[in-house]
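First comes the structure, then the notes that go with it.
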Amino acid sequence: MRQSTITIEVALDEKNIPNQILWKATDSTADQAQKARAMMLAFWDAADKSALRMDLWTKDMMVDEMADFYYQTMMTMADSFNRATHQTELVDMMKNFAKDFYNRFRDIQLKENKL
């Protein structure tokens, strides 16, 4: 059986806030660890029927980047759900929510920037 390894390194400041997130994977074509400003990791615990999650972001992560990150994550979650279930009606609902979320974020940003 073939194995693949993903390694995540998180550098923390004195208050345990992430300064830097680096990741690398054995199947990646990159020679060096890759930088990331944010990450989401989720595992499904079948015994407890619950999701185990870890969400981290660095001090450098900007609010607009966070909105982009969430939008893109929701869209790719919808794509994954589609591949797994072929429930196109639910997939469309998820994608519409993601688009609405992002549009509302932009509207809020525009209002706040005018103040």
Side-chain angles (χ1 to χ4, degrees):
M1 179 167 72
R2 186 167 115 33
Q3 282 190 292
S4 180
T5 302
I6 300 169
T7 305
I8 301 166
E9 294 181 29
V10 181
L12 304 171
D13 71 6
E14 64 281 349
K15 294 180 182 176
N16 289 332
I17 297 172
N19 273 333
Q20 185 178 53
I21 300 169
L22 297 172
W23 70 275
K24 59 184 171 183
T26 54
D27 288 348
S28 173
T29 58
D31 293 335
Q32 302 284 328
Q34 302 296 300
K35 287 185 180 182
R37 286 194 182 180
M39 62 169 271
M40 291 183 191
L41 181 64
F43 295 98
W44 178 249
D45 183 331
D48 287 341
K49 296 207 179 293
S50 63
L52 307 170
R53 295 186 19 235
M54 181 187 318
D55 304 333
L56 295 174
W57 57 92
T58 65
K59 298 175 189 181
D60 297 332
M61 186 74 166
M62 307 272 63
V63 172
D64 60 325
E65 289 179 308
M66 186 65 85
D68 288 338
F69 181 48
Y70 271 76
Y71 169 73
Q72 291 179 31
T73 299
M74 287 187 271
M75 293 297 276
T76 57
M77 286 173 63
D79 291 337
S80 296
F81 190 78
N82 187 41
R83 285 192 305 275
T85 67
H86 305 290
Q87 296 288 331
T88 55
E89 182 180 343
L90 294 175
V91 170
D92 290 344
M93 288 174 63
M94 291 173 71
K95 287 188 173 192
N96 287 333
F97 173 79
K99 290 173 189 172
D100 186 49
F101 165 85
Y102 193 72
N103 288 332
R104 287 180 191 223
F105 169 78
R106 285 191 322 199
D107 291 345
I108 291 168
Q109 287 294 97
L110 287 172
K111 283 182 190 175
E112 288 179 355
N113 288 336
K114 286 184 180 180
L115 298 177

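The first residue of the sequence shown is numbered 1, and numbering continues consecutively from there. These numbers come from a predicted model, not from an experiment.
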Thinking salt bridges, do Asp100 and Arg104 make one under a 4.0 Å N-O criterion? yes
Rounded at 0.5 Å granularity, tell me how far OH in Tyr102 sits from CG in Asp107. 11.5 Å
Does a sphere of radius 6.0 Å around CG in Leu41 hold more than 12 heavy atoms from other residues, nucleotides or ligands, not counting ones at 6.0 Å or beyond? yes
Is the CE atom of Met40 crowded by more than 12 outside heavy atoms at less than 6.0 Å? yes
Looking at Lys59, I'd like to know if its NZ atom is crowded, meaning that more than 12 non-hydrogen atoms belonging to other residues, nucleotides or ligands lie closer than 6.0 Å. yes
Verdict with reasoning, Leu22 to Lys35, per side chain to side chain contact (heavy atoms under 4.5 Å, CB included): CA-CA 5 Å; Leu22 297 172; Lys35 287 185 180 182; 3.5 Å; yes
Would you mind reporting whether Met74 and Phe101 have side-chain heavy atoms less than 4.5 Å apart? yes
From OG1 (Thr88) to CE (Met93), nearest 0.5 Å: 12.0 Å
Enclosure of Met66 CE (heavy-atom neighbours >12, cutoff 6.0 Å): yes
Closest non-hydrogen atoms of Phe81 and Val91, given as atom of the first, atom of the second and distance, are CD2-CG2, 4.0 Å
Carefully, step by step, assess Trp57 and Met39 under the rule side chain to side chain contact (heavy atoms under 4.5 Å, CB included). CA-CA 6 Å; Trp57 57 92; Met39 62 169 271; over 6 Å; no
Any side-chain heavy-atom pair of Gln32 and Lys24 under 4.5 Å: no
Rounded to the nearest 0.5 Å, what separates atom CD in Glu65 from atom CD in Gln72? 11.0 Å
Less than 4.5 Å apart, side chain to side chain, heavy atoms only: is that true for Leu90 and Thr85? no
Mark yes or no for whether Thr26, through its side chain, and Thr5, through its backbone, hold a donor-acceptor pair below 3.5 Å. yes
